[in-house]
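Here's the structure, in structure tokens; my notes come after.
Just so you know, these numbers come straight off a predicted model, no measurement behind them.
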Amino acid sequence: MWDETEKISAYLQMLAMVFPLLIGIITGIASEQELEAGSFQMLLCTPSKKYIPHLGKLAVLLLFGIVFRAMGNVFLPISLYLKAAILLFLGNVPLYMLQYILSFAFGKGIGMGFGIIGSLLSALLLVLKLWSEKWAGRKNETN
């Protein structure tokens with residue numbers, strides 16, 4: 001059976017693996033909505049600076065990411081959960097920005113494709129970490 005630290009570690013690793021894909025899907029949906037609502041007119045025809053509506057939309061997406069993370073708090077102590085949520089949030093901000101730009105510049109498919117690639121890379125890094133820990137454990141047993 002798993003102890004508490006293994007459960008927490010597995011939960012956080014699953015969040016880290018799933019979030020690139022979710023970010024790709026959500027930013028792709030946001031760009032698709034703007035395209036269908038009027039070919040990006042609300043973002044392109046603002047009287048103020050052009051980046052302000054994009055920053056507002058990106059802030060809303062980041063807020064929803066925080067809320068989604070908050071719904072998953074099942075068995076974590078609150079202090080550890082806050083630290084983990086802040087670290088995951090700070091790690092995902094560059095992903096949100098990159099995938100937001102890709103989704104709006106090249107379309108929903110490219111943003112979602114980068115989300116899939118990010119999730120696969122996260123899973124690969126997790127597998128390599130587990131493999132290296134197992135290999136190091138075997139190496140230490142022989143000594």
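Between Phe89 and Tyr96 the shortest side-chain heavy-atom distance does not fall below 4.5 Å.
The CD1 atom of Ile110 lies 12.0 Å from the OG1 atom of Thr27; values are rounded to the nearest 0.5 Å. Going from atom CD1 of Ile29 over to atom CG of Leu61 covers 10.0 Å, rounded to the nearest 0.5 Å. Here CG of Leu124 is found 11.0 Å from CE of Met17. Values are rounded to the nearest 0.5 Å. Note that CD1 of Ile117 is 12.0 Å distant from OG of Ser122, once rounded to the nearest 0.5 Å. With values rounded to the nearest 0.5 angstrom, Leu58 atom CG is found 11.5 Å from Gln99 atom CD.
One hydrophobic cluster holds both Tyr100 and Leu62 under the rule that ILVMFWY side chains link at heavy-atom gaps under 4.5 Å. Residue Ile86 is grouped with residue Phe19 when hydrophobic side chains (ILVMFWY) are merged at heavy-atom distances under 4.5 angstrom, including chains of intermediate members. Hydrophobic clustering (side-chain heavy atoms under 4.5 Å, transitive across Ile, Leu, Val, Met, Phe, Trp, Tyr) groups Ile26 together with Leu90. Hydrophobic clustering of Ile, Leu, Val, Met, Phe, Trp and Tyr side chains at less than 4.5 Å, counting indirect connections, unites Met112 with Leu21. Clustering ILVMFWY residues whenever any of their side-chain heavy atoms sit less than 4.5 angstrom apart, transitively, puts Val18 in the very cluster that holds Val93.
The minimum heavy-atom distance linking Gly118 with Pro20 is given by the pair C-CB, 3.8 Å. Here the shortest heavy-atom pairing between Ser103 and Gly111 reads OG-CA, 3.5 Å. Closest non-hydrogen pair, Phe104 versus Lys57, comes out as CZ-CD, 3.8 Å.
Between the side chain of Ser119 and the main chain of Ile116, no donor-acceptor pair closer than 3.5 Å is present.
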